[in-house]
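Proteins get letters first, then strands, A, B, ... in listed order; numbering begins at 1 in each.
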Amino acid sequence: MLDIRRIRQDPEEVERLLAKKHVVVDLNQVNILDQRRRDVLGEIERFKAERNKSSELVAAKKKRGEDATEIIEKTRIVGEQIKQLEASLAPLDEELRLFLLTVPNTPLPEVPDGVSADDNVEIHRVGLVPQFHFEPLPHWDLGERLGIFDFERARKITGARFTVLKGMGAQLSRALINYMLDHARARNYLEVAPPYMVNYDSMVGTGQFPKFMDDAFGVTPHNYFLIPTAEVPLTNLHRGEILSADLLPIRYTAYTASFRAEAGAAGRDTRGLIRQHQFDKVELVRIVEPGDSAHAMEEMLRDAETILEELEIPYRTVLLCGADMGFGQAKTYDIEVWMPSYGRYVEISSVSNMTDFQARRAEIRYRPKGAKKTELVHTLNGSALAVGRTMAALVENYQTMSGHVRIPDVLKSYMSGVEEI
RNA sequence: GGAGGGGUAGCGUAAUUGGUAACGCAGCGGUCUUGAAAACCGCCGCCCUAAAGGCUUGCAGGUUCGAGUCCUGUCCCCUCCGCCA
């Protein structure tokens, strides 16, 4: 959520920034609404001040045993006017709130212009793309042959875009999760095991709701929602809290399953592990003072990249252009792994600075040392990494001529010494 | 799911028959001190550029001139019962 004061002060500037994300909003309308709301509110407060004064007078008179019926009658009429004005304020409040909840975050100045993912700016490439002396198989074919992925039966027991992992497949997934969690823990993230379902307010807090309800799986009839990423429970841990400054910065990591309806992705990436309704992910979240978020973001990027370097899987990092960025992000790096079956790099992690966008929605504040007033924190998140896509990349990049998959050195201790699947 | 009890500032507590939310601890700033402690003074929920003012007793309503207090709904916590991995 953007600060209404910012929209009030310089709507053209905010509109200009949002245009970079290719979002068009009429903030003039918002300001008209905001002005009306504040006018009504001011009127209500004047009436309330009058009522408070009169009520005190009633109390004083009654205490002295005097008659107060005249003042009571007068005050009753003031009360009715308050009630009427409040009834006209409620829809204004609601309209303004709903509107503000659907305005995206503004991008930071260094975010490049662009109209599509093709305009993302490559930061660097690491690792050599493997050259095969045989026809490499896509991970879905190889995985089925090896008996570690079972897409057919997943379709039977649940539906499309689900996978059953078996034997070494299940073991490899668990090994990756443990390795990634240890990697995060070594970098001072506190390991958390949160619920996989959250309530409506949490989904609003991180920015999924109310705009993107179609992308979520709801748990009916309980009004809970399956998390699309651990970012939701982790960031909402501190919803509605005022943190003491010495608690910051906060670093959390969590392994969870993630659930996405993938509305609008029909027909895309239908094969393999790339786009699933349920996938495993190790997530990183940081909560920092506003001045620290830019630096924290660079560190988080390294926290994710070093995993691929240790796994020895080739990747590249891109800085997303305005058009390719998400709703709440002020700046985003994507890490993409080399995927032989796609013949290109495929997103495996997204590291984002949300600035104060989520903090304002979720009301996460802190009190700077020595300051009287509270301030909003900055929140950041990043995948480290998406487990399914990592496994797909690993299977494809590490496949051998004989149709097996070598286990990267760093994972061997997590695979009870297994060298090859 | 049923019955009973409870929810007040970071923590712990208070508030006559309904009369407009108080105190302690912790924290922050200051005085004093070589420094610290102690003591003393101020701040110590939120909104508003500020003041005036308004809001705030889990949340949402209702009754009333006025609600922490009375009524209705709802969420959460505790105890017991039931069910259950």
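- Pair assignment for B/A26 gives none, since no Watson-Crick or G-U wobble pairing has each distance under 3.5 Å.
- Of the possible donor and acceptor atoms, one in the side chain of A/Ser383 sits under 3.5 Å from a partner among the backbone N and O of A/Ser350.
- Comparing A/Ile72 and A/Glu50 by the nucleotide of RNA chain B that holds the closest heavy atom to each, the one mapping nearer the 5' end is A/Glu50.
- Applying the 4.0 Å criterion to OP1 and OP2 of B/C65, one finds that A/Lys83 has every side-chain N and O outside that range.
- Distances shorter than 4.0 Å separate some side-chain N or O of A/Asn52 from OP1 or OP2 on B/G54.
- The aromatic rings of A/Phe209 and A/Phe225 lie perpendicular to each other, with more than 60° between the two planes, well past the 30° mark.
- The residue among A/Arg5 and A/Glu56 whose nearest nucleotide of RNA chain B lies closer to the 5′ end is A/Glu56.
- The residues A/Arg38 and A/Asp34 are annotated as salt-bridged, a charged nitrogen and a carboxylate oxygen being separated by less than 4.0 angstrom.
- Base pairing annotation: B/C70 forms a Watson-Crick or G-U wobble pair with B/G62, both donor-acceptor distances under 3.5 Å.
- Between the P atoms of B/C55 and B/A21, the separation comes to 10 Å (whole Å).
- Comparing the same atom, P, in B/G18 and in B/C71 gives a spacing of 11 Å after rounding to whole Å.
- Nucleotide B/A39 has B/U31 as its partner under the Watson-Crick or G-U criteria, with both atom distances under 3.5 Å.
- Between A/Tyr345 and A/Trp338, the ring planes are perpendicular. Angles over 60° get that label, and only those under 30° would be called parallel.
- Here the C1' atom of nucleotide B/G10 and the OH atom of A/Tyr366 are 18 Å apart, to the nearest Å.
- In this structure, the CG atom of A/Leu57 is 10 Å from the C1' atom of B/C65, given to the nearest Å.
- If you check B/G4 for Watson-Crick or wobble pairing at under 3.5 angstrom, you find it paired to B/C78.
- Listed nucleotides: B/G54, B/C46, B/G19. Nearest to the side chain of A/Glu45: B/G54.
- Taking atom P on both B/G19 and B/U33, the two are 48 Å apart, rounded to the nearest angstrom.
- Using a 4.0 Å heavy-atom criterion, one finds that A/Thr75 contacts the sugar-phosphate atoms exclusively.
- Atom-to-atom, CG of A/Asn223 to P of B/C59 comes out at 20 Å; the value is rounded to the nearest Å.
- The aromatic rings of A/Tyr252 and A/His238 lie parallel to each other, with less than 30° between the two planes, well short of the 60° mark.
- If you take CD of A/Glu363 and P of B/C47, they are 9 Å apart, rounded to a whole angstrom.
- A straight line from CD of A/Glu86 to P of B/G54 spans 13 Å, rounded to a whole angstrom.
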